[in-house]
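The structure appears below as structure tokens.
The residues of the chain are indexed from 1 along the displayed sequence. Keep in mind that what you see is a predicted model, and the values were worked out from it rather than measured.
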Amino acid sequence: FCCYPVPTSISGTTARFTIPSVQDGKVTGGADIMIADPVSHGALTPVPDPEDHSGMSLEMNRMLHQFRFYVPDTDTKLGTAKIERIQLSFPTDVVGDINLNILNPSQGPNLISGGSDVTLKLAEPLSVSESDDMQYACVAFLPTSYEKGSSGTYLLSLKAYTDNKFVSFDPIDMTGRNFRAGH
């Protein structure tokens, strides 16, 4: 079996990971948690050629949802300013410590302790995207469903910051949305 990143701890077949509450917008630094489907294979040997696919092969499963943001070219509010930070406040806990069964990735993550706020300190500031050159910022979070029902409406609050101003967006209604792993 194989996983990424290195778990914060392992107990039997349960691996603990942390979905960071501060991310870089590129889903790096351990924010993209993956577990391979288990395989059986003999001792590993040197690979004679990268195109030689006779050795062990692993299929990795993304365990989190990735949500992408961009600024459309029709948005003129920012002008030439670049977004350096995005603050998201989800209606439920979506980051924190999770447990995963490394022998059965299809079970999905189990949230142990969490939070609902995520800060993207962008590794590359985000500006208006041209239709032929889309610039994205991504956030990775716990797969979550916001079902319609008696609990009311689920709202996502979003703020974006440049070096000298901030934009606060109308809350986004998440009710009825299903954010699945690997998407």
Side-chain angles (χ1 to χ4, degrees), residues 1-41 44 47 50 53 55-70 83 85-124 126 134-149 151 154-160 171-183:
F1 49 87
C2 175
C3 62
Y4 171 85
V6 174
T8 57
S9 66
I10 296 178
S11 177
T13 62
T14 301
R16 180 166 288 188
F17 297 89
T18 299
I19 306 169
S21 61
V22 178
Q23 300 179 21
D24 66 2
K26 298 287 183 188
V27 195
T28 61
D32 189 13
I33 298 171
M34 297 182 282
I35 296 180
D37 291 327
V39 297
S40 295
H41 193 274
L44 297 178
V47 177
H53 300 288
M56 182 177 70
S57 178
L58 295 169
E59 184 173 329
M60 300 296 282
N61 301 285
R62 283 199 155 87
M63 304 309 297
L64 305 179
H65 182 82
Q66 292 184 11
F67 198 66
R68 296 190 307 180
F69 298 91
Y70 71 96
I83 296 172
R85 183 170 53 104
I86 300 173
Q87 182 68 44
L88 302 107
S89 292
F90 285 85
T92 58
D93 289 347
V94 294
V95 293
D97 293 331
I98 60 171
N99 282 342
L100 288 159
N101 183 339
I102 56 176
L103 296 182
N104 188 358
S106 66
Q107 281 183 343
N110 179 27
L111 185 66
I112 304 305
S113 64
S116 59
D117 294 335
V118 183
T119 300
L120 296 180
K121 292 183 177 179
L122 301 179
E124 293 180 24
L126 193 60
M134 299 301 287
Q135 296 181 31
Y136 294 98
C138 295
V139 60
F141 60 92
L142 186 72
T144 306
S145 292
Y146 298 109
E147 302 299 328
K148 294 179 181 180
S151 59
Y154 297 100
L155 298 176
L156 169 66
S157 298
L158 180 71
K159 293 179 183 176
I172 299 167
D173 186 359
M174 306 292 269
T175 306
R177 296 186 188 201
N178 182 17
F179 299 98
R180 298 181 314 233
H183 292 90

Applying side-chain hydrogen bond (donor to acceptor under 3.5 Å, both in side chains), can you list everything that pairs with [X], at least two apart in sequence or on another chain?
X: T18; result: D97
X: T14; result: none
X: S106; result: N104
X: S157; result: none

Counterpart residues, ring pair (Phe, Tyr, Trp, His ring centres under 6.0 Å), relative to [X] (two or more places apart):
X: F69; answer: F67
X: Y70; answer: Y136
X: F17; answer: none

Roughly how far, to the nearest 0.5 Å, is [atom2] of [Y] from [atom1] of [X]?
X: S89; Y: K159; atom1: OG; atom2: NZ; answer: 7.5 Å
X: I172; Y: R177; atom1: CD1; atom2: CZ; answer: 7.0 Å
X: C3; Y: N61; atom1: SG; atom2: CG; answer: 12.0 Å
X: D37; Y: C2; atom1: CG; atom2: SG; answer: 11.0 Å
X: T119; Y: Q87; atom1: OG1; atom2: CD; answer: 3.5 Å
X: I35; Y: M60; atom1: CD1; atom2: CE; answer: 8.0 Å

Can you list everything that forms a side chain to side chain contact (heavy atoms under 4.5 Å, CB included) with [X]? Sequence neighbours excluded, please.
X: L111; result: D93, I98, L142
X: I10; result: P7, A15
X: P171; result: L155

query = Residues two or more places apart in sequence or in another chain: which of them pass salt bridge (Lys or Arg N to Asp or Glu O under 4.0 Å) with D32?
reply = R62

inquiry  = The criterion is salt bridge (Lys or Arg N to Asp or Glu O under 4.0 Å); which residues satisfy it with K26, sequence neighbours excluded?
reply    =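 For K26, the residues satisfying salt bridge (Lys or Arg N to Asp or Glu O under 4.0 Å) (neighbours in sequence not counted) are E124.
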
task = Check for a donor-acceptor pair, side chain of T13 on one end and backbone N or O of N101 on the other, with a separation under 3.5 Å.
result =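 Between the backbone of N101 and the side chain of T13 there is no qualifying donor-acceptor contact (under 3.5 Å).
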
inquiry  = Check whether Q23 reaches the backbone of V118 with its side chain - one donor and one acceptor, N or O, closer than 3.5 Å.
reply    =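 A pair under 3.5 Å: no.
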
For [X] versus [Y], what's the shortest heavy-atom pair and its separation?
X: Y154; Y: D173; result: O-OD1, 3.3 Å
X: A137; Y: I86; result: CB-CD1, 4.4 Å
X: L120; Y: C138; result: CD2-O, 3.7 Å
X: S57; Y: V39; result: O-CG1, 3.8 Å
X: T175; Y: E147; result: CG2-O, 4.3 Å

Would you say that [X] contacts [Y] through its side chain, given a criterion of any heavy-atom pair below 4.5 Å between the two side chains?
X: L64; Y: P143; answer: yes
X: T144; Y: H65; answer: no
X: V94; Y: I19; answer: no
X: L100; Y: P105; answer: no

task = Could you walk me through whether F179 and Y146 pass side chain to side chain contact (heavy atoms under 4.5 Å, CB included), step by step?
result = CA-CA 9 Å; F179 299 98; Y146 298 109; 4.0 Å; yes

